[in-house]
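Here the structure is laid out as structure tokens; the discussion comes afterwards.
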Amino acid sequence: MQQQYPFAEIEPRWRRYWEEEGLFHTDTDAAGNKYYCLMMFPYPSAALHVGHGRNYIIGDAVARYKKMRGYNVLAPMGWDAFGLPAENAAIKTGIHPRESTMRNIATMKRQLRAWGACYDWDREIASCHPGYYRWTQWLFLKLYEKGLAYKAAAPVNWCSSCRTVLANEQVVEGRCERCEASVEEKRMEQWFFRITAYAQRLIDDLERLDGWPERVKTMQRNWIGRSEGTVLEFDLTPRADNTPDPMTSVKCYTTRVDTIYGCTYMAMAPEHPALPDLVRGLATEKEVTEYSRQSARRATRDRMADEQQKTGVFSGRYVVNPYNQERIPLWVADYVLMDYGTGAVMAVPAHDTRDWAFAKRYDLAIRISIQNTEQSLDLTTMTAAYTDDGITADSGPFSGLPNRDAIARMTDFAKEQGFGGPMVHYRLRDWLISRQRYWGAPIPIIYCDDCGSVPVPENELPVRLPDNVEFRPTGESPLTASPAFMQTPCPACGKPARRESDTMDTFVDSSWYFLRYLSPRDEQQAVDTAACNRWLPVDQYIGGIEHAILHLLYARFFTKALHDMKLIGFDEPFAHLFTQGMICKRSEKNGQLYKMSKSKGNVVSPDALIAEYGADTVRLYTLFIGPPERDAEWNDQGIEGASRYLRRLWRRVYETRDSLRAVAGQPLPDPGEYTPAERELRRKTHATIQHVTQSMDGAFHFNAAIAQIMELMNILDTHDLGASAKETTRRIGREALETMILLLSPFAPHIAEELWVELGNPPGILKVSWPEVDPAALIQDETDIVIQINGKTRGRGRLTAGLKDEDVQRAVLEWDLVKKHTAGKTVRRVIVIPDKLVNIVC
RNA sequence: GCCGGGAUGGCGGAAUGGUAGACGCAGCAGACUUAAAAUCUGCAGGCCGCGAGGCCAUGCGGGUUCGAGUCCCGCUCCCGGCACCA
């Protein structure tokens, strides 16, 4: 054994050992005591930095811990390997996305190994591999069969910089989440997944996800955006010349039907499809059409702007309020959104801030229909809409009701009368999956002039990506320029037809990969139903909070859809979710704290750090940096502490190994023979086991666990364990040191393996059971008793443990410390917390 | 605006209603060394005091309790999600 901690020598050696021994090779046929520990599979960008590392290090620590606790752990890894960056790079450099992706995978795999992260590499998958995307395509066809995949012309979010459409989820404040270019609205034929069919279940089942962070569930609830309200149909008044209309009414959705008697106009979205028919031939037609055209142009960007001025035009038409038969004007206004509700609203200026602003601007009528309890609302003094609860006023037969009750009554009335009723509305839109891109799974559909859209027969899957394509940003998929790809006979009639040239959003690939790990090379089926049912839901899913909505919602949707197709027997994919915080680093330029990322130029590469300190040190620091669910600041000096600790541990074993080996395998002597110091060391050892285990089983508080282990080290260092030490001390010291190594092994596995062997144990610490607490060791003869006088801590003293409360009280009242504070006072009450504290009230 | 999370020394953070600041970083003093690095020992929330000791202190204000960082009520600020959502 070397005196200096030779991490560079031992770490590769142990990694080789783990792989050769197949320690993370999991037999999934046996599912007894299973533990599926999954890390979100990464997109293979150029290289990993220490910020990414947190995810893998946390996951590896959990996997190793669970393995030592006797679980059959499945910890697979793969690659979310399709995606825009590789294709964008291809446009720039001409390097084929497959080539750059494969190179990046090799780099990242090397980095993961260098970290000491253990995976069952036999199960490695890459979503860009035909053996994988074949089944992504197959699942598309299944969804298509079930009516859950459909094509529709739709206004889509178009990023002119990325030259593709984006999902709603990828548009952040009117900008492309990827390149931050402003997003335009375009109308295109696109493929959708009908996720809205699952909106209610996606909300309801969040209740069952006890193992998910509350904030992630909240984010999903917000995103799905369930709202309960009332739908109402307003009849149109006939045209002045009595010419017929294609429609006779306009529907609107409201959550405040209680305010209906204050409705003074109706407002419709400028892009409402009925609008052209409504105004055809009217004097207002030209103005309305022009207004619609203008607002469409500024739709996406300006309508998002904070200080949006509400504009609108009168349509020239009137509708009738079904409650009081009043004729009110129909306006076209850009504050009404087409893709929420019905695209038309009943406007109640007195009780809605937006309607108030609009009515004031265009001088429209305002009428109070909800009074606050003081009856104090008065139009001449009101300066803003009253949106709080109150009592219905001037509301015909519904007057005088608490407004919440009025909502129910008035909705019932609408239903009875047949002009409306209750309606549940969701903010969630269907998932747009078409991408005008090459580097994704081709959508397996063929277009035939005679037969229309025809699914590719299953036995012709995969629809392979052609290799010879040119990467030019044209706004169309590069696939359209490949005749070999595009031209194909119609599967139905055999006539020449053409393929769909769009590929699927990469979130489709990642919506089912966790199922494929159970049968990664299966060429007969997408998922192995029996194996999935044994191993899923995933016991612990670990990843970044940035996927709180997109990936995690889509994966839940897929799981439910596959469940309904009877392909799997569970309908939630992830039982426990852990979202680790981001690693940030201060910018050297401006001192600001940013998420570690290449674009911010504040990345720390693990390669150099591992070379300088070793993987275990990097792991230990990464876990010690703070509570793993919270963001943390990477501090270059902090790693020194981790390094110091491991070197100190190494030195300790180096110095004591001969004398400790001499007592290997010997049972501990009778506790009656221990000196107080020995007893205390043993107590500390077992208290540490207890604390570390609690820290691991609870919320994965590795930082607290490591602190406990360091404390044990500090105590242990006060004991001489050399050849001249008492044998009992050496035995207890050996137990302490071995325990420390075992507790440390999930965090710093290489050094733990090495030191374990140096103490004379056989190799393979992962096969050793997690240490168990000896309750007897925790019992103390004497404990510190904190003395409080009137709730204030005044000192402490030693007292025999386990005394009766009366005896504690009697003893303590004799102490000088206590006498000093109680002199001249009457002791009124004494509170005794056994073995801990005495509070004297006087 | 609605929803969720947070606030503890110079810094990261620890604390089943029971000694607030464990553990670590940075700092200071000392030992070893020709010197440095490494290592080791000690000090270290603030204020008052020579000292013994005392007072203050977990964002702010109340409350419950023998006792509150922890529980309850009311705020402030910060972070995140949603938002012209009808």
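In what follows, chains are A, B, ... by sequence order, proteins preceding strands, each numbered from 1. Note that the structure is a prediction, hence the values are computed from the model and not measured.
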Across every strand shown, the nucleotide meeting Watson-Crick or G-U wobble geometry with rC28(B) (both distances under 3.5 Å) is rG42(B)

Quick one: look up who rU58(B) pairs with, Watson-Crick or G-U, both distances under 3.5 Å, and put none if it's unpaired.
-> none

Any donor-acceptor N or O pair under 3.5 Å, side chains Trp634(A), Asp636(A) | yes

How far, in whole Å, is rA31(B) from rC50(B) if one measures between their P atoms?
-> 29 Å

Hey, is the main chain of Ile639(A) close enough, under 3.5 Å, to the side chain of Ser643(A) for a donor-acceptor pair?
-> no

Between CG of Asp339(A) and C1' of rA86(B) the distance, given in whole Å, is 13 Å

Spacing between Tyr645(A) atom OH and rU39(B) atom C1', to the nearest angstrom = 17 Å

Determine the contact category for Arg354(A): base if any of its heavy atoms lies under 4.0 Å from a base atom, sugar-phosphate if only primed atoms, P, OP1 or OP2 are that close, otherwise nothing.
-> base

Side chain of Thr255(A) (C-beta onward), nearest among rC25(B), rU16(B), rA86(B) = rA86(B)

Heavy atoms under 4.0 Å, any strand shown: does Gly641(A) hit a base, just sugar-phosphate, or nothing?
-> sugar-phosphate

Distance, P atom - from rU65(B) to rC72(B), rounded to whole angstrom | 16 Å

For RNA chain B, whose closest nucleotide is more 5', that of Asn635(A) or that of Ser695(A)?
-> Ser695(A)

Can you tell me, in whole Å, how much space there is between the C1' of rG62(B) and that of rG46(B)?
-> 25 Å

OP1, OP2 of rG24(B) versus side-chain N and O of Asn714(A): anything below 4.0 Å?
-> yes

Ignoring hydrogens and angles, does a donor from either the side chain of Glu214(A) or the base of rG5(B) sit under 3.5 Å from an acceptor on the other?
-> no

Mind checking Arg226(A) for me? I need base, sugar-phosphate or nothing, with any heavy atom below 4.0 Å counting as a touch.
-> nothing

Looking at the side chain of Met219(A), which of rC82(B), rC23(B), rG81(B) is the nearest nucleotide?
-> rG81(B)

P-based separation of rG21(B) from rG45(B) [nearest Å] = 9 Å

The nucleotide from rU19(B), rG13(B), rA26(B) with an atom nearest the side chain of Arg644(A) is rA26(B)

The side chain of Asn839(A) lies closest to which of these nucleotides: rG24(B), rC82(B), rG18(B)?
-> rG18(B)

Base, sugar-phosphate, or nothing for Leu837(A), non-hydrogen atoms under 4.0 angstrom?
-> base

N/O donor-acceptor pair under 3.5 Å between His272(A) side chain and Ala274(A) backbone = yes

Selection from rC23(B), rU39(B), rU19(B) that lies nearest to any side-chain heavy atom of Glu711(A) | rC23(B)

Do any N or O atoms from the side chain of Arg794(A) and from the backbone of Gly791(A) form a donor-acceptor pair under 3.5 angstrom?
-> no

Among rG4(B), rC66(B), rA86(B), the nucleotide that comes nearest once only the side chain of Ile831(A) is considered | rC66(B)

Partner nucleotide, any strand, of rA52(B) [Watson-Crick/G-U, under 3.5 Å] = none

Of Arg651(A) and Gly638(A), whose nearest nucleotide on RNA chain B comes first from the 5' end?
-> Gly638(A)

Calculate the interatomic distance between Gln690(A) atom CD and rU16(B) atom P; express it in whole Å.
-> 12 Å

Determine the contact category for Asp784(A): base if any of its heavy atoms lies under 4.0 Å from a base atom, sugar-phosphate if only primed atoms, P, OP1 or OP2 are that close, otherwise nothing.
-> base

Are any side-chain N or O atoms of Asn321(A) and backbone N or O atoms of Ile260(A), one a donor and one an acceptor, separated by less than 3.5 Å?
-> yes

Just to confirm, is there a sub-4.0 Å distance from OP1 or OP2 of rU19(B) to any side-chain nitrogen or oxygen of Arg796(A)?
-> no

Side chains of Asn790(A) and Arg828(A), donor plus acceptor under 3.5 Å | no

How is Lys792(A) classified with respect to the nucleic acid when contacts are heavy atoms under 4.0 Å: base, sugar-phosphate, or nothing?
-> sugar-phosphate

Given the options Asn403(A), Ile368(A), Thr387(A), His351(A) meets side chain to side chain contact (heavy atoms under 4.5 Å, CB included) only with Ile368(A)

Between rG4(B), rC82(B), rG6(B), which one does the side chain of Asn222(A) approach most closely?
-> rC82(B)

Separation between the P atoms of rC75(B) and rC66(B), rounded to whole Å | 28 Å

Considering only the C1' atoms, how many Å lie between rU8(B) and rG54(B), rounded to the nearest integer?
-> 24 Å

Identify whether any heavy atom of Gln637(A) sits under 4.0 Å from a base atom; if not, whether one sits that close to sugar-phosphate; answer base, sugar-phosphate or nothing.
-> sugar-phosphate

May I ask you to evaluate whether Thr793(A) reaches the phosphate of rA20(B), defined as a side-chain N or O under 4.0 Å from OP1 or OP2?
-> yes

Assigned chi class of rG9(B) under the 90° convention is syn

Nucleotide nearest Ala707(A) when distance is taken to its side chain, options rA22(B), rG81(B), rG4(B) | rA22(B)

Among rG24(B), rC66(B), rC3(B), which nucleotide sits nearest the side chain of Met710(A)?
-> rG24(B)

Take atom NE2 of His701(A) and atom C1' of rA14(B), then tell me their distance rounded to the nearest Å.
-> 11 Å

Taking atom P of rU39(B) as reference, at what distance in whole Å does atom CD of Gln3(A) sit?
-> 13 Å

Hey, does Pro627(A) reach any base, or is it just sugar-phosphate, or nothing, if we go heavy atoms under 4.0 Å?
-> sugar-phosphate

Identified pairing partner of rU76(B), criterion: Watson-Crick or G-U wobble below 3.5 Å = rA7(B)

Side-chain N,O (Arg794(A)) to OP1/OP2 (rG54(B)) below 4.0 Å | yes

rG13(B) P sits how many Å from Asn703(A) CG, rounded?
-> 9 Å

What's the CG-P distance between Leu552(A) and rG80(B), to the nearest Å?
-> 19 Å

Between rG61(B) and rU70(B), how far apart are the P atoms? Round to whole Å, please.
-> 13 Å

Pick base, sugar-phosphate or nothing for Arg828(A), based on heavy-atom distances below 4.0 Å to the nucleic acid.
-> nothing

Watson-Crick or G-U wobble partner for rC71(B), using a 3.5 Å limit on both distances?
-> rG63(B)

Write down the distance between CD1 (Ile625(A)) and C1' (rC11(B)), rounded to a whole number of angstrom.
-> 12 Å

Okay, side chain of Arg367(A), backbone of Thr264(A): is any donor-acceptor separation there less than 3.5 Å?
-> no

Donor + acceptor pair across side chains of Asn635(A), Tyr621(A) (<3.5 Å) | no

Consider the side chain of Arg647(A), meaning its heavy atoms from C-beta on, and name the nucleotide among rA38(B), rG81(B), rU19(B) that approaches it most closely.
-> rA38(B)

For Arg648(A), which contact category applies under a 4.0 Å heavy-atom criterion: base, sugar-phosphate, or nothing?
-> sugar-phosphate

Using the P atom in both, what is the distance from rA37(B) to rC28(B), to the nearest Å?
-> 12 Å

Quick one: do the Glu640(A) and Tyr613(A) side chains pair a donor with an acceptor below 3.5 Å?
-> yes

Indicate whether OP1 or OP2 belonging to rA86(B) is found under 4.0 Å from a side-chain N or O atom of Tyr340(A).
-> yes

